[in-house]
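Okay, structure first, notes after.
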Amino acid sequence: MTSLVLDINLVNPALHDQYFNYPSGFGLLEFHHITDWRNYLLGLQIRSAKVPTIHSEAYHAALRMLLLAWVEPTVIKPAELQALQSLEGALIGMYFQPVFEREQVKHEKTREKCGGCKKCLLCATLVQNKFRPGLDKLLNYMVAHDGLDPVLHSASKNADGGALSVIRNGLAHGNILNALPWSGLFEAVRKVMEHAYRTLN
């Protein structure tokens, strides 16, 4: 596992001592010096050595972006999207095959009902190298089959727009109605990613 390095000197030292607040999973946090902000971000890094470096580094890139929010709050949204994209990549790496197999079974049942005409989308063969499960399917699988806490992903979160997959889609498609930072998003991404790889040796 590589330790996250956050260099506060990327920010003009004249701006190190100022007020900054950020909504976390623990409520609104207030900071008065950039070192406090950096220390908070260091606490959000991937702790598990079981998470492959390619995924932890993609997530840590989001934390490096977030450091710059101290002087430029508009980087928060790109940082959130980076974190969620790193999560999606990590979950595909872990769950692609079982999710594909379950979708394949469901697809075959649908084809049987349709009659296997081979003319409509329902009857088209599900091709593995073209299958894109999406974050929602991956998280649904984790809750149903791999013990993910439903607090992190549930039907109610989908309904109120707070599910990680809903947030990711909104950010990817430029949802301008959610300009404020998502409270607890980075904590949730880290927990899900570490949960996914918890059983690896």
Side-chain angles (χ1 to χ4, degrees), residues 1-93 135 138-139 148-149 151-153 157 160-197:
M1 180 181 65
T2 56
S3 296
L4 174 63
V5 175
L6 296 175
D7 184 3
I8 62 173
N9 292 315
L10 292 173
V11 173
N12 186 336
L15 303 174
H16 285 188
D17 191 7
Q18 62 182 24
Y19 176 76
F20 183 77
N21 63 57
Y22 183 77
S24 77
F26 312 104
L28 186 67
L29 301 178
E30 297 182 321
F31 305 92
H32 297 279
H33 196 277
I34 194 171
T35 55
D36 299 324
W37 175 234
R38 177 192 61 193
N39 291 339
Y40 167 69
L41 296 178
L42 288 173
L44 294 176
Q45 70 183 297
I46 298 293
R47 300 185 183 110
S48 172
K50 295 181 178 183
V51 177
T53 301
I54 189 172
H55 301 309
S56 62
E57 280 302 304
Y59 170 76
H60 288 163
L63 295 180
R64 292 188 190 96
M65 294 165 68
L66 206 54
L67 176 70
L68 301 178
W70 184 262
V71 290
E72 185 48 76
T74 59
V75 304
I76 292 175
K77 288 300 164 184
E80 290 177 341
L81 181 57
Q82 172 66 25
L84 289 165
Q85 287 176 331
S86 73
L87 175 63
E88 188 168 10
L91 299 190
I92 286 172
L135 189 54
L138 294 161
L139 291 167
L148 181 67
D149 188 343
V151 168
L152 293 167
H153 183 72
K157 279 187 174 291
D160 67 18
L164 292 175
S165 54
V166 175
I167 294 171
R168 182 247 178 236
N169 291 341
L171 289 169
H173 298 291
N175 187 347
I176 60 173
L177 299 179
N178 288 317
L180 296 175
W182 283 99
S183 176
L185 185 141
F186 285 85
E187 290 96 334
V189 168
R190 184 192 67 207
K191 285 178 184 175
V192 174
M193 199 180 294
E194 290 185 339
H195 178 90
Y197 286 90

Q | N/O donor-acceptor pair under 3.5 Å between H60 side chain and I46 backbone | A | yes
Q | Nearest atoms (heavy-atom pairs only) where L28 meets P23 | A | CD1-N, 3.9 Å
Q) What's the verdict on side chain to side chain contact (heavy atoms under 4.5 Å, CB included) for I76 and L66, showing C-alpha distance, side-chain angles and the deciding distance? A) CA-CA 6 Å; I76 292 175; L66 206 54; 3.9 Å; yes
(Q) Just to verify, what does R38 make a salt bridge (charged side-chain N to carboxylate O under 4.0 Å, His left out) with, not counting sequence neighbours? (A) none
Q. Does G184 offer a backbone N or O that forms a donor-acceptor pair with the side chain of S24 under 3.5 Å?
A. no
Q | Where L171 and L81 come nearest, the two heavy atoms and their spacing | A | CD1-N, 3.8 Å
Q) Quick one: side chain to side chain donor-acceptor pair (under 3.5 Å) pairs with a partner in residues 73-82, sequence neighbours left out? A) E72-T74, K77-E80
Q.
F26: which residues meet the ring-ring contact (aromatic ring centres under 6.0 Å, His included) condition with it, sequence neighbours left out?
A. none
Q | CG on L148 to CG on L139, rounded to 0.5 Å | A | 6.5 Å
Q: Report yes or no: does Y22 contribute a side-chain atom to a donor-acceptor pair with the main-chain N or O of P181 at less than 3.5 Å?
A: no
Q) Would you find more than 12 non-hydrogen atoms of other residues, nucleotides or ligands less than 6.0 Å from I54 atom CD1? A) no
Q) Which heavy atom of V71 sits nearest a heavy atom of Q18, and at what distance? A) CG1-NE2, 4.4 Å
(Q) I need the minimum non-hydrogen distance between L6 and L42, along with the two atoms involved. (A) CD1-CD2, 4.0 Å
**Q.** Nearest-0.5 Å distance that lies between atom CD1 in I8 and atom CG in L15
**A.** 12.0 Å
Q. Once you round to the nearest 0.5 Å, how far does NE2 of H195 lie from NZ of K50?
A. 12.0 Å
Sequence neighbours left out, cut at 3.5 Å: what donor-acceptor pairs do the side chains of residues 185-192 make with other protein atoms?
unit_1, atom_1, unit_2, atom_2, d
E187, OE2, G25, N, 3.2
E187, OE2, Y40, OH, 3.1
R190, NH1, G43, O, 2.8

Q: Please identify each residue that fulfils side-chain hydrogen bond (donor to acceptor under 3.5 Å, both in side chains) with H33, with sequence neighbours left out.
A: T35
Q: Mind checking the CG-CG spacing from L152 to D149? Nearest 0.5 Å is all I need.
A: 5.0 Å
Q. Heavy atoms, side chains only, cut-off 4.5 Å: are L164 and H153 in contact?
A. no
**Q.** Partner set under side-chain contact (heavy atoms from CB on, under 4.5 Å) for S86, not counting sequence neighbours
**A.** A58, Y59, M193
Q. Would you call the rings of F31 and W70 parallel, tilted or perpendicular if under 30° counts as parallel and over 60° as perpendicular?
A. perpendicular
Q) Got N9 and H16 here, is their nearest side-chain heavy-atom distance under 4.5 Å? A) yes
Q: Could you grab the distance from atom CG of L68 to atom CG of L63, nearest 0.5 Å is fine?
A: 11.5 Å
